[in-house]
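Keep in mind that the numbers below use all heavy atoms, side chains included, and drop hydrogens, waters and symmetry copies. Letters A, B, ... are given to chains in the order of the sequence lines, protein chains preceding strands, and every chain is numbered from 1.
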There are 2 protein chains.
Amino acid sequence: MARYQVGIQTEARIIEATRSLLAEDGMEATTLKAICDRAEVRSGSFYNLFDSKEDAIIRVVRESIEAVDPDPHHAGTDTVDDLVEAYIRFFDEEPKMARVYVKAALAGDSSANGARRRFLRHHQRRVERFADAMQRGNTSLTPEDGAVQAELLLGALDGLAFRWALDQSFDFPKHALLAAERLV
Amino acid sequence: MARYQVGIQTEARIIEATRSLLAEDGMEATTLKAICDRAEVRSGSFYNLFDSKEDAIIRVVRESIEAVDPDPHHAGTDTVDDLVEAYIRFFDEEPKMARVYVKAALAGDSSANGARRRFLRHHQRRVERFADAMQRGNTSLTPEDGAVQAELLLGALDGLAFRWALDQSFDFPKHALLAAERLV
DNA sequence: ACACAATTTGAGTATACACTCCAAGTTTGG
DNA sequence: CCAAACTTGGAGTGTATACTCAAATTGTGT
């Protein structure tokens with residue numbers, strides 16, 4: 001039998017509760033109890049719809065990233081500048097979420113590598129998009145060099161973002177643009 | 001009155017227990033109980049000598065980093081290449097510790113920013129050393145540009161290290177050297 | 001209105017954790 | 001040898017966590 005409307009709505013309420021908690025108060029405040037209280041749901045309902053707390057968090061973070069995607073339909077027309085700008089925008093518009101993104105990638109013990117694997121896949125897709133955009137902008141670039149260059153640029157952006165997560169007075173956009181200039 | 005010998009030895013045993021736990025099994029395995037068991041000490045003794053678990057971890061990580069410092073006496077003779085090489089060496093020789101380093105910087109909730117502040121201070125000292133080395137290698141570099149360039153390089157190294165923490169098959173040394181070439 | 005699947009409930013489980021307290025013991029300098 | 005300072009044992013505190021389960025209820029297609 002198909003899903004019930006009420007279940008779909010509950011799921012949406014839980015996602016929204018998780019999203020707002022992460023955005024307002026960060027990872028530490030986003031406990032199962034807090035999510036359930038805000039969504040007006042009991043924990044049993046939560047686990048009827050989600051595999052784990054991590055599951056809900058990952059979905060929320062992914063949605064946040066997609067919301068600032070310059071090319072959500074993957075038409076393959078975005079430039080490196082577009083992609084860098086989107087990256088900067090994510091940190092600018094959703095700072096709390098960005099910190100969650102960085103933390104979640106490292107969270108969980110070494111055995112429970114579910115979250116890490118997902119983040120790695122996401123990173124690899126991003127590397128491909130950067131590499132594609134780089135090759136569109138420079139047709140003499142080999143695919144291998146494009147991939148390496150994309151890893152370098154994304155690495156630099158991630159590192160500067162990490163720096164900013166440590167100290168929010170750090171001028172992330174300025175340094176990110178400089179890094180992009182030098183690494184493309 | 002001065003400290004007692006027995007206390008100094010206990011402290012050393014706790015540090016060593018913390019170090020080996022972090023290096024062998026990572027952050028998650030390094031609970032207070034595990035530290036005390038391995039150091040053959042009860043928790044009361046631990047808290048007589050350390051303010052918190054975090055305190056012990058930070059001391060261990062700092063010692064690890066200093067162990068691969070190319071210029072431990074700060075004579076101001078190290079080159080950028082030396083510093084980059086030392087950074088790479090740290091990740092190569094102490095991979096588990098390196099992951100701890102990255103995680104600890106983001107750990108703790110937003111109120112308990114003790115660890116973050118310490119890591120930030122350490123980062124700033126490192127930026128200064130990189131900037132100094134850069135100016136030694138290029139006398140026409142202004143102090144401001146040196147600082148920006150140092151932030152860029154360290155950001156890139158941190159980001160690539162983060163990438164490696166996510167997936168240890170990533171060739172960190174290769175990318176780190178490439179980044180250093182382009183950003184100096 | 002019926003059957004059956006989807007959903008909800010909420011008390012309950014397990015359990016892990018960092019940290020405290022203070023009496024009893026030990027080391028040290030004088 | 002003494003007293004003050006330091007160190008230790010270890011049971012105990014407090015609190016928080018994610019997650020489970022079986023029974024009750026509700027939604028849906030026919």
If you look at every strand shown and take non-hydrogen atoms under 4.0 Å, does B:Gly7 touch a base, only sugar-phosphate, or nothing?
sugar-phosphate
At 4.0 Å (heavy atoms only), tell me whether B:Thr31 reaches a base, stays on the sugar-phosphate, or touches nothing.
sugar-phosphate
Give the rounded distance in Å between these two atoms: [atom1] of [X] and [atom2] of [N].
X: A:Gln9; N: D:dT26; atom1: CD; atom2: P; answer: 16 Å
X: B:Tyr4; N: D:dC6; atom1: OH; atom2: P; answer: 7 Å
X: A:Ile8; N: D:dT26; atom1: CD1; atom2: C1'; answer: 15 Å
X: A:Arg42; N: D:dT25; atom1: CZ; atom2: C1'; answer: 14 Å
X: B:Glu11; N: D:dC6; atom1: CD; atom2: C1'; answer: 13 Å
X: B:Asn48; N: C:dA23; atom1: CG; atom2: P; answer: 16 Å
X: A:Glu28; N: D:dA18; atom1: CD; atom2: C1'; answer: 15 Å
X: A:Ile14; N: C:dT9; atom1: CD1; atom2: C1'; answer: 13 Å

Flag the pair [X] and [Y] as a salt bridge only when some basic side-chain nitrogen lies within less than 4.0 angstrom of an acidic carboxylate oxygen.
X: A:Arg129; Y: A:Asp78; result: yes
X: B:Arg59; Y: B:Asp55; result: no
X: B:Arg19; Y: B:Glu16; result: yes
X: B:Lys96; Y: B:Asp25; result: no

What's the closest nucleotide to the A:Val6 side chain, out of D:dG27, D:dT20, D:dA18?
D:dG27
I want to check one thing: is the phosphate of [N], taken as OP1 and OP2, less than 4.0 Å away from some side-chain N or O of [X]?
X: B:Tyr47; N: C:dC19; value: yes
X: A:Thr10; N: C:dT8; value: yes
X: A:Arg3; N: C:dT7; value: yes
X: B:Ser45; N: D:dG9; value: yes

Taking for each residue the nucleotide of DNA chain C bearing the nearest heavy atom, is the 5' side occupied by A:Glu40 or by B:Phe46?
A:Glu40
Nearest 0.5 Å please: distance from the CZ atom of A:Phe50 over to the CD1 atom of A:Ile15.
4.0 Å
